[in-house]
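Sequence lines set the chain letters: A, B, ... in the order given, protein chains first and strands last, and positions in each chain run from 1. Given the structure is predicted, the values throughout are model-derived calculations rather than measurements.
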Amino acid sequence: MSETSKSLNFIEHIVEEDLRNSFPKENLRFRFPPEPNGYLHIGHASSIYLNFGLGLRYNAPVNLRFDDTNPAKEEQEFVDAIKRDVEWLGYTWDTERYASDYFQQLYDWALILIKEGKAYVDDQSSEEMATQKGTPTQAGTNSPNRNRSVKENLALFNQMKEGKFEEGTHVLRAKIDMTSSNMLMRDPIMYRVLHKAHHRTNTDWCIYPMYDWTHGESDYIEQVSHSFCTLEFAMHRELYDWFLDQVYDENKVRPRQREFARRNLSHTVVSKRKLAKLVETGVVSSWDDPRMPTISGLRRRGYTPESIYNFTDTIGIAKRDNLIDVSLLEFQIRNHLNKVAPRVMGVLDPLKVVLTNYPEGEEEWLDAENNPEDDNAGSRKVPFSRELYIEKEDFREEANKKFFRLKLGKEVRLKNGYIIKAESCTKDTDGNIIEVQCTYDPKSKSGSGTEESLRKVKGTLHWVSIKHAVEAEIRLYDRLFTDESPDTHKEKDFMDFVNPDSLQVIKGYLEPHLKEAKIGDRVQFQRLGYFCVDPDSTTEKLVFNKTVGLRDSWAKIAEK
RNA sequence: UGGCCCAUGGUGUAAUUGGCAACACUCCGGUUUUUGGUACCGUCAUUCAAGGUUCGAGUCCUUGUGGGCCAACCA
């Protein structure tokens, strides 16, 4: 992860300026604050990259803080998944914190606000309070409970805490300004009653602090210097500051909130709520379904931490709305895997080829280079015999000059093998080609150095010996949504754009040594793309996921 | 009708803070290649508009236009 003379993003400029204005470097402290109500997704990768990147850049601590103030939505499963994903991405947090660690402190501070006449208990219905809130263009009106005595507020708040009230009947509100142009300043709720067990504090509390009351104070408790969140929290900054004003001690670091734009990826959604819906409705099998833009989904799909880092690094951090094309993500995984993934051969849509002049029953093991990009990758042996599979689309009875593949009367090279010539083919009753008869040139063996082996032929095909091939389940993925920005249509729900054909399961035939492939192994099926072994894979049944295809300039020519 | 934020190629981000618009991806064209992969080369923007300040504006000011956000006992 190099930091070599790269231009700074606007956040880094802010930090640099603070440093120039004599903010002590040793006071720099950051945090990554997910709510454990779902799995991390590619959008979080940018936030992680930002916060942990700053930590690395300035050698400052970065806390992992779980924003766990809503027991109705949060679970230990999500805490575990988030920790696993951050670690997998390669980052190390300073300390693991929970907003729930601060419930007592927050409560004590709330008591102070009540005593200072800055907070009050309201027992109106949510509808009544909503009405009094006004609209963005119309000032709100004061709650009839706004001027309760301190004594009464204290008593009521205590009863809230003691569980004397039902959910939805009482809240604690900050007394700010019902006429503010910022809706969030119109006496925001600090506490609500929730008779729910919390995954960490269990039933210790039945009142839970709201986000606004919790977040800034948590930053303050942890002495976070720079607190970053996404743009939709921009309006919360005023409230963040107001709450901080109530407890701030001048001798301590005062956290500052700054907002950056959430990264949107084309043809998918990046919102835990929406991703949760895909899981709940069975559109995908799980949070780590390889079609999901979650970190765990990308991992299972075959993405590497390096590729995700490079992606977040190139898309950067800024403030404007964006829709990042998936090609930027796909480039990064191709780029990384090109350098590290061993090349193998596998046929996914088989067509039988018989080499009529190759002796029956004979076989030989040919040398095959593991990775032309890596001199240390070495080579392996692949079996060759009279009956082979090639891809159906690699043979045509006749075709124009642009078709560099097998056609009747023409030659191609079999990768690492021989040059073959198509002589004839047989069809079934429906006219489908089911077998191609070829002859091979025995002197053209790859690497033999003979004159024949040096002949230039138009195309090179991958293939597999039928007798030796191992079968595997191959899962092919397409984009999850047919629309590039499924959740931005006002009149349509994002679920309307789910691609019904995002998953295709087929059978593939692979060169035999792949039988030893282990879960998580990543390979390139030559001429097809990058694949990895899925966790569903067993010794009896191999399962591969297609991570991404190779760039395919033939597909573009074929379209024309 | 109020407030806040944003505007640089098809996409994303830069521009030494007022000094020759750069990088990556995509697209298109080409070279190399026993992967139609990789690698390499080339083409693609006078910075939303109109004014203003200035020797000089993507950068500062004004107005306009366009887009996003703000009224959950969610975060």
A:Glu74 CD - B:C74 P separation (whole Å): 11 Å

Select base, sugar-phosphate, or nothing to describe what A:Arg551 touches, counting heavy atoms under 4.0 Å on all strands. sugar-phosphate

Check this for me: does any side-chain nitrogen of one of A:Glu511 and A:Arg380 sit under 4.0 Å from a carboxylate oxygen of the other? yes

A:Arg527/A:Asp394 salt bridge by N-O under 4.0 Å criterion: yes

Of all the nucleotides listed (B:A75, B:C70, B:U13), which has the minimum atom distance to the side chain of A:Arg263? B:U13

Looking for any heavy atom pair under 4.0 Å, which part of the strands does A:Ile317 touch: base, sugar-phosphate only, or nothing? sugar-phosphate

So does A:Arg455 pair up with A:Glu411, basic N to acidic O under 4.0 Å? yes

With rounding to the closest Å, how many angstrom separate the C1' atoms on B:C20 and B:C27? 27 Å

What contact category does A:Ser126 fall into here, base, sugar-phosphate, or nothing, at under 4.0 angstrom with non-hydrogen atoms? base

Side chain A:Thr460 and base B:U35 donor-acceptor under 3.5 Å: no

Nucleotide nearest A:Asp552 when distance is taken to its side chain, options B:C74, B:G36, B:U34: B:G36

Aromatic contact between A:Phe103 and A:Tyr208, with the criterion being ring centroids under 6.0 Å apart: yes or no? yes

Tell me what A:Gly140 touches on the nucleic acid: a base, only sugar-phosphate, or nothing, going by heavy atoms under 4.0 Å. nothing

Run the salt-bridge test on A:Arg200 and A:Glu74 with the 4.0 Å N-O cut-off and return the result as yes or no. no

Distance check, C1' atoms only: B:C60 and B:C23, in whole angstrom units. 26 Å

Looking only at the side chain of A:Lys73 (C-beta and beyond, no hydrogens), which of the listed nucleotides B:G12, B:G68, B:C74 gets closest? B:C74

For A:Tyr211 and B:A75, are the ring centres under 5.5 Å apart with planes inclined under 30°? no

Does any residue of residues 369-380 of chain A have a heavy atom under 4.0 Å from RNA chain B, and if so, which ones, in number order? A:Pro372, A:Glu373

Would you call A:Arg65-A:Asp219 a salt bridge at under 4.0 Å N-O? yes

For B:U65 and B:U1, measure between their P atoms and round to the nearest Å. 10 Å

Side-chain donor/acceptor contact of A:Arg527 with base of B:G36 under 3.5 Å: no

Residue A:Val171, side-chain heavy atoms: nucleotide from B:U13, B:C73, B:U35 that is nearest: B:C73

Taking the C1' atom of each, how far is B:G29 from B:G68, in whole Å? 38 Å

If you assign A:Asn9 and A:Lys339 each to the RNA chain B nucleotide with the nearest heavy atom, which residue ends up on the more 5' nucleotide? A:Asn9

What integer number of Å spans the C1' atoms of B:A24 and B:U62? 36 Å

With C1' as the reference atom in both, quote the distance from B:C4 to B:U13 in angstrom, rounded to an integer. 24 Å

Do the numbers put A:Lys415 on top of the ring of A:Trp463, so that NZ or CZ is under 6.0 Å from the six-membered ring centre and no more than 45° off the axis? no

In sequence, state the C-alpha distance, the side-chain angles, and the governing distance for A:Asp123 and A:Arg148, and then conclude on salt bridge (Lys or Arg N to Asp or Glu O under 4.0 Å). CA-CA 11 Å; A:Asp123 58 353; A:Arg148 268 195 226 273; 3.1 Å; yes

Syn versus anti for B:U17, judged by chi lying within 90° of 0? syn

Aro-ring/base stack A:Phe331-B:A24, d under 5.5 Å, angle under 30°: no

Give A:Arg186 one of three labels, base, sugar-phosphate or nothing, depending on what nucleic acid heavy atoms sit under 4.0 Å from its own. nothing

Using a cut-off of 4.0 Å on non-hydrogen atoms, how would the nucleic acid contact of A:Ala318 be classed: base, sugar-phosphate, or nothing? sugar-phosphate

What is the nucleic acid contact for A:Phe403, judged by heavy atoms within less than 4.0 Å: base, sugar-phosphate only, or nothing? base

Relative to the ring of A:Tyr107, is the ring of A:Tyr191 parallel (under 30°), tilted (30 to 60°) or perpendicular (over 60°)? perpendicular

Is the distance from the ring center of A:Tyr418 to that of A:Phe384 below 6.0 Å? yes

Got a sec: does the NZ of A:Lys410 have more than 12 other heavy atoms crowding it under 6.0 Å? no

When the ring planes of A:Phe66 and A:Tyr98 are compared, do they come out parallel, tilted or perpendicular, using 30° and 60° as the limits? parallel

Using atom C1' in both nucleotides, what's the gap between B:U47 and B:U38 to the nearest angstrom? 35 Å

Sugar-phosphate, base or nothing in reach of A:His462, heavy atoms under 4.0 Å: nothing

Reckon A:His215 touches a base, only the sugar-phosphate, or nothing at all at heavy-atom distances under 4.0 Å? nothing

Is the base of B:U8 touched by the side chain of A:Arg320 through a donor-acceptor pair closer than 3.5 angstrom? yes

Please work out if A:Asn37 contacts a base, only the sugar-phosphate, or nothing of the nucleic acid, heavy-atom cut-off 4.0 Å. nothing

Using the side-chain heavy atoms of A:Lys133, tell me which of these nucleotides is nearest: B:A71, B:U34, B:C4. B:A71

NA contact type, A:Tyr191, heavy-atom cut-off 4.0 Å: base, sugar-phosphate, or nothing? nothing

Using a strict cut-off of less than 4.0 Å between a Lys/Arg side-chain nitrogen and an Asp/Glu carboxylate oxygen, indicate whether A:Lys381 and A:Asp367 qualify as a salt bridge. yes

Among B:A75, B:C27, B:C73, the nucleotide that comes nearest once only the side chain of A:Lys556 is considered: B:C27

Pairing pattern in dot-bracket form [Watson-Crick, G-U; both distances under 3.5 Å; | = partner strand] for RNA chain B: .((((((..((((.....[..))))..((((.......)))).....(((((..]....))))))))))).....

Between B:U8 and B:A49, how far apart are the two P atoms, rounded to whole Å? 11 Å

Considering every strand and a 4.0 Å limit on heavy-atom distances, what is the contact class for A:Lys272: base, sugar-phosphate, or nothing? nothing

Base, sugar-phosphate, or nothing for A:Glu127, non-hydrogen atoms under 4.0 angstrom? nothing

Which value, rounded to the nearest 0.5 Å, describes the distance between A:Ile308 atom CD1 and A:Leu298 atom CG? 5.0 Å

Assign A:Ser266 to base, sugar-phosphate, or nothing according to its heavy-atom contacts below 4.0 angstrom with the strands shown. nothing

How many whole angstroms separate atom CD of A:Glu238 from atom P of B:A71? 14 Å

Can you tell me how far the CZ atom of A:Arg413 sits from the OG atom of A:Ser453, to the nearest 0.5 Å? 6.5 Å

Nucleotide N/O to protein N/O under 3.5 Å, stretch nucleotides 44-46 of chain B:
none

A:Gln524 or A:Leu328: which one's nearest nucleotide on RNA chain B is closer to the 5' end? A:Leu328

From the list B:A75, B:U26, B:G67, which nucleotide is the closest neighbour of the side chain of A:Asn70? B:A75

What do you reckon, are the aromatic ring centroids of A:Tyr240 and A:Phe233 less than 6.0 Å apart? no

Regarding the side chain of A:His236, the nearest nucleotide among B:A75, B:G67, B:U13 is B:A75

